[in-house]
Amino acid sequence: MLLTSLCNTSNLTANLYRCTAGPEDRSFVEAHESYSVAFVRRGSFGYLNRGRHFDMLPGSILIGRPGDEYTCTHDHHDGGDECLCFKLKPELVETVGDDAEGWQRGAVAPRAELMVLGALAEAAAAGDSNVAIEEAGLALVAKVV
């Protein structure tokens with residue numbers, strides 16, 4: 001897993017994750033360390049969370065809650081995947097939406113209104129927007145939860 005840090009404030013971090021795992025790589029259980037919303041930019045993978053399986057593909061949103069266990073699988077994709085991930089401190093979660101049900105969904109399939117915000121976050125990350133990455137990330141998180 002390759003990690004590129006894009007932003008690190010007292011309440012929010014933005015990272016670009018590049019995973020190179022493929023079908024030959026063994027899956028393992030992990031746990032979310034913080035509240036997180038990740039926009040899948042490229043590739044595909046499976047996401048097992050709270051007893052449910054999600055097929056993650058470009059435009060999908062992965063939702064993490066501290067302590068929730070998950071497993072990522074790469075059974076059908078050889079070229080890896082990329083996610084733009086926003087991690088939030090609990091204090092910030094309270095201001096953007098701390099609805100427990102929203103944070104327990106695990107994932108959201110691609111939807112136009114979320115893909116537009118994901119594209120805005122990508123542009124901000126690349127420096128191709130006059131919107132800060134923090135602002136774009138918070139807009140995406142607020143819409144998701």
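Here the closest non-hydrogen pair linking D25 and T20 is OD2-O, 4.3 Å. Taking both residues in full, the closest heavy atoms of H53 and G46 are given as NE2-CA, 3.8 Å, listed atom of the first, atom of the second, then distance. Taking each heavy atom of M115 and P110 in turn, the nearest pair found is SD-CB, 3.8 Å. The two residues H74 and A21 have their closest heavy-atom pair at ND1-CB, 3.6 Å. Taking each heavy atom of C83 and V40 in turn, the nearest pair found is SG-CG2, 3.9 Å. Of all heavy-atom pairs spanning A124 and V131, the tightest one is CB-O, 3.3 Å.
Ion pairing between a basic and an acidic side chain is recognised when a charged N comes within 4.0 Å of a carboxylate O; E91 and K89 show no such pairing.
The aromatic rings of W103 and Y35 sit perpendicular to each other, their planes meeting at more than 60°, with 30° as the lower class boundary.
L16 and L2 are assigned to two separate hydrophobic clusters, defined by single-linkage of ILVMFWY side chains at heavy-atom distances under 4.5 Å. Both L92 and V144 are part of a single hydrophobic cluster, where members link through side-chain heavy atoms under 4.5 Å apart. In the hydrophobic clustering of this structure, I133 groups with V37; members are Ile, Leu, Val, Met, Phe, Trp, Tyr whose side-chain heavy atoms approach within less than 4.5 Å, directly or through other members. V108 and L140 fall within a single hydrophobic cluster, where Ile, Leu, Val, Met, Phe, Trp and Tyr are joined by side-chain heavy atoms under 4.5 Å apart, directly or via other members.
The closest side-chain heavy-atom distance from K87 to S36 is below 4.5 Å. Proximity of L88 to V141: side-chain heavy atoms (C-beta onward) are separated by under 4.5 Å at one or more points. The closest side-chain heavy-atom distance from V96 to L138 is below 4.5 Å. Side chains of L84 and L6 form a contact here, defined as non-hydrogen atoms less than 4.5 Å apart.
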Start with the C-alpha distance between T9 and E134, add both sets of side-chain angles, then the distance that settles side-chain contact (heavy atoms from CB on, under 4.5 Å), and finish with yes or no.
CA-CA 9 Å; T9 71; E134 302 96 297; 4.0 Å; yes
Walk me through whether E69 and L48 qualify under side-chain contact (heavy atoms from CB on, under 4.5 Å).
CA-CA 9 Å; E69 292 185 346; L48 305 166; over 6 Å; no
Do Y17 and C19 pass the side-chain contact (heavy atoms from CB on, under 4.5 Å) test, and can you show the C-alpha distance, the side-chain angles, and the key distance before you say yes or no?
CA-CA 6 Å; Y17 288 95; C19 179; over 6 Å; no
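With sequence neighbours left out, the salt bridge (Lys or Arg N to Asp or Glu O under 4.0 Å) criterion links R65 to D68.
The structure places CG of D75 at 10.5 Å from CD of E24, a figure rounded to the nearest 0.5 Å.
Although no hydrogens or angles enter the test, the distance criterion places no donor-acceptor pair under 3.5 Å between the side chain of Q104 and the main chain of E101. At distances below 3.5 Å, not a single donor-acceptor pair connects side-chain atoms of S60 with backbone N or O atoms of A109.
Heavy-atom contacts from other residues, nucleotides or ligands closer than 6.0 Å to CD of E33 number 12 or fewer. Within a 6.0 Å radius of CZ in R105, other residues, nucleotides and ligands contribute more than 12 heavy atoms. More than 12 non-hydrogen atoms from other residues, nucleotides or ligands lie less than 6.0 angstrom from CZ of R52.
The side-chain contact (heavy atoms from CB on, under 4.5 Å) with L62 is formed by just one residue from the set Y47, F54, F39; it is Y47.
Listed by first and then second residue, the side-chain hydrogen bond (donor to acceptor under 3.5 Å, both in side chains) pairs that reach into residues 117-133 are R41-E122, sequence neighbours excluded.
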